[in-house]
Amino acid sequence: MKTKLLSLITALGLITNVALAGSASIGYVSDFFYRGEQKALESVQSKIDYGTSILGLESAFHACTNQSADEGVDSYGFSVSAGSSVIEGLLSVYGGFSHYEDVPGEALSEVFVRASSDVFLSPTATISRNVDDELFTYEAGVSHDVDLKLASLNLNGSAGNTEVTESNTRTYYSVGAELTRAVGSAEAGLSVDLVDSDDIEREFVFGASLGFNF
């Protein structure tokens, strides 16, 4: 079942990349964390995103992979969502479905609701529910872009709490900065994040990426 699912995700990614993609990127990270849990050390990451309007709803498709180059597992994920903006575009509300899995490891499928606001610090809040168990994840984040003329600087922070089991939860945090600059038709980025959670010591994560818009 897991092999068939990965084949489907790969096929969807290829189709989206050829015909529908809005953006795609590939990059390197010194460590990979998911909801406060370290999944891998040095890794190669790739992702693809596409957004469109269907029946008046803003719809989006996202797929990503993390391929461990050192110690750890490989991870795959995708999500689909749809929603709309209200209050003259100041508030956006989306609902969707996401799937994440480690290879080797466990798989996680969730439904979620996300709200974001086009005000200072661009706050977001997300509630996710595991479709197999009554386990919830709550996340909130903020971000701010600064134009440095030669490059763009994004400052961001997030916090979350996830129910690992019915009797065990994990709280996690991150703050980071990403510097991006256009290089021809591509966009190059360098990032640093400080991550912390109940299960790990504070750790810096460094990354580099190259992205394209279609």
Side-chain angles (χ1 to χ4, degrees), residues 6 9-10 12-14 16-17 21-50 60-79 98-108 110 122 124 126 128 137 139-146 148 151-162 164 170-183 186-214:
L6 291 178
I9 294 173
T10 302
L12 284 173
L14 290 174
T16 306
N17 188 39
S23 65
S25 69
I26 187 168
Y28 158 89
V29 290
S30 58
D31 299 89
F32 174 57
F33 292 86
Y34 182 74
R35 291 182 175 173
E37 180 182 6
Q38 186 166 27
K39 296 291 187 176
L41 299 181
E42 292 185 274
S43 302
V44 175
Q45 296 184 333
S46 60
K47 67 177 182 178
I48 189 166
D49 292 278
Y50 172 70
F61 171 81
H62 168 81
C64 60
T65 69
N66 186 88
Q67 305 293 310
S68 175
D70 197 346
E71 181 181 347
V73 299
D74 295 337
S75 302
Y76 303 84
F78 76 89
S79 67
S98 66
H99 180 87
Y100 171 90
E101 64 179 75
D102 297 323
V103 180
E106 300 296 323
L108 173 66
E110 296 178 320
S122 304
T124 64
T126 306
S128 305
T137 297
E139 297 176 304
V142 293
S143 65
H144 182 64
D145 292 319
V146 181
L148 302 179
S152 178
L153 175 65
N154 174 265
L155 305 173
N156 58 81
S158 65
N161 179 271
T162 185
V164 182
R170 179 192 304 120
T171 301
Y172 48 95
Y173 315 88
S174 73
V175 291
E178 182 178 21
L179 193 66
T180 57
R181 177 184 170 89
V183 181
E187 185 176 74
L190 295 173
S191 64
V192 58
D193 295 273
L194 176 63
V195 298
D196 192 13
S197 82
D198 294 338
D199 298 342
I200 64 170
E201 297 291 335
R202 292 180 182 175
E203 185 165 346
F204 283 98
V205 177
F206 301 94
S209 63
L210 187 65
F212 304 88
N213 293 319
F214 298 90

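Position 1 is the first residue of the sequence; numbering continues from there. What's counted below: heavy atoms across the whole structure, side chains too, no hydrogens, waters or symmetry copies.
- Looking only at atom types and distance, the side chain of S43 has a donor-acceptor partner in the side chain of N66 under 3.5 Å away.
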Discussion item. Assess the residue pair D49 and K47 against the criterion (side chain to side chain contact (heavy atoms under 4.5 Å, CB included)); give the C-alpha distance rounded to whole Å, side-chain angles, the decisive distance to 0.1 Å, and a yes or no.
Written reply: CA-CA 7 Å; D49 292 278; K47 67 177 182 178; 4.0 Å; yes

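- Here the shortest heavy-atom pairing between L155 and A177 reads CD2-CB, 3.8 Å.
- From T65, atom OG1 reaches atom CD1 of I48 across 11.0 Å, with rounding to the nearest 0.5 Å.
- Interatomic distance, NE2 of H99 versus CZ of F78, reported as 6.5 Å (0.5 Å rounding).
- With respect to D196 and R202, a salt bridge is recorded, a charged nitrogen being found less than 4.0 Å from a carboxylate O.
- Ring geometry, F32 versus Y34: the interplanar angle falls from 30° to 60°, so the pair is classed tilted.
- For T162 and T137, the side-chain atoms include at least one donor-acceptor pair closer than 3.5 Å.
- E139 and Y172 form a side-chain donor-acceptor contact under 3.5 Å, judged by distance and modelled atom types alone.
- Looking at N156 and D193, their side chains come closer than 4.5 Å, going by heavy atoms from C-beta outward.
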Discussion item. Side chain to side chain contact (heavy atoms under 4.5 Å, CB included) for E187 and S152? Distances and angles first, verdict last.
Written reply: CA-CA 10 Å; E187 185 176 74; S152 178; over 6 Å; no

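- Of the N and O atoms on the side chains of N213 and S23, not one donor lies less than 3.5 Å from an acceptor on the other residue.
- Contact detail for L210 and A186: the closest heavy-atom pair is CD1-CB, 3.9 Å.
- Side-chain N or O atoms of D198 include one that pairs as donor or acceptor with a backbone N or O of T171 at under 3.5 Å.
- Closest heavy-atom contact between G189 and T180: CA-CG2, 4.0 Å.
- Closest approach of V73 to S68, counting heavy atoms only: O-CB, 3.7 Å.
- In this structure, OG on S30 lies 7.0 Å from CD on E203, to the nearest 0.5 angstrom.
- Minimum interatomic distance between S25 and G211 (heavy atoms only, all atoms of both residues): CB-CA, 3.8 Å.
- Under the 4.5 Å side-chain criterion, counting only non-hydrogen atoms from C-beta, E42 is not in contact with F206.
- Rounding to the nearest 0.5 angstrom, the gap separating the CG atom in D199 from the CZ atom in R170 is 4.5 Å.
- Taking each heavy atom of Q38 and D31 in turn, the nearest pair found is NE2-OD2, 2.9 Å.
- Residue R35 holds its CZ atom at 6.0 Å from CG of L108, rounded to the nearest 0.5 Å.
- Here the straight-line distance linking atom OH of Y100 with atom NZ of K39 works out to 4.5 Å at 0.5 Å rounding.
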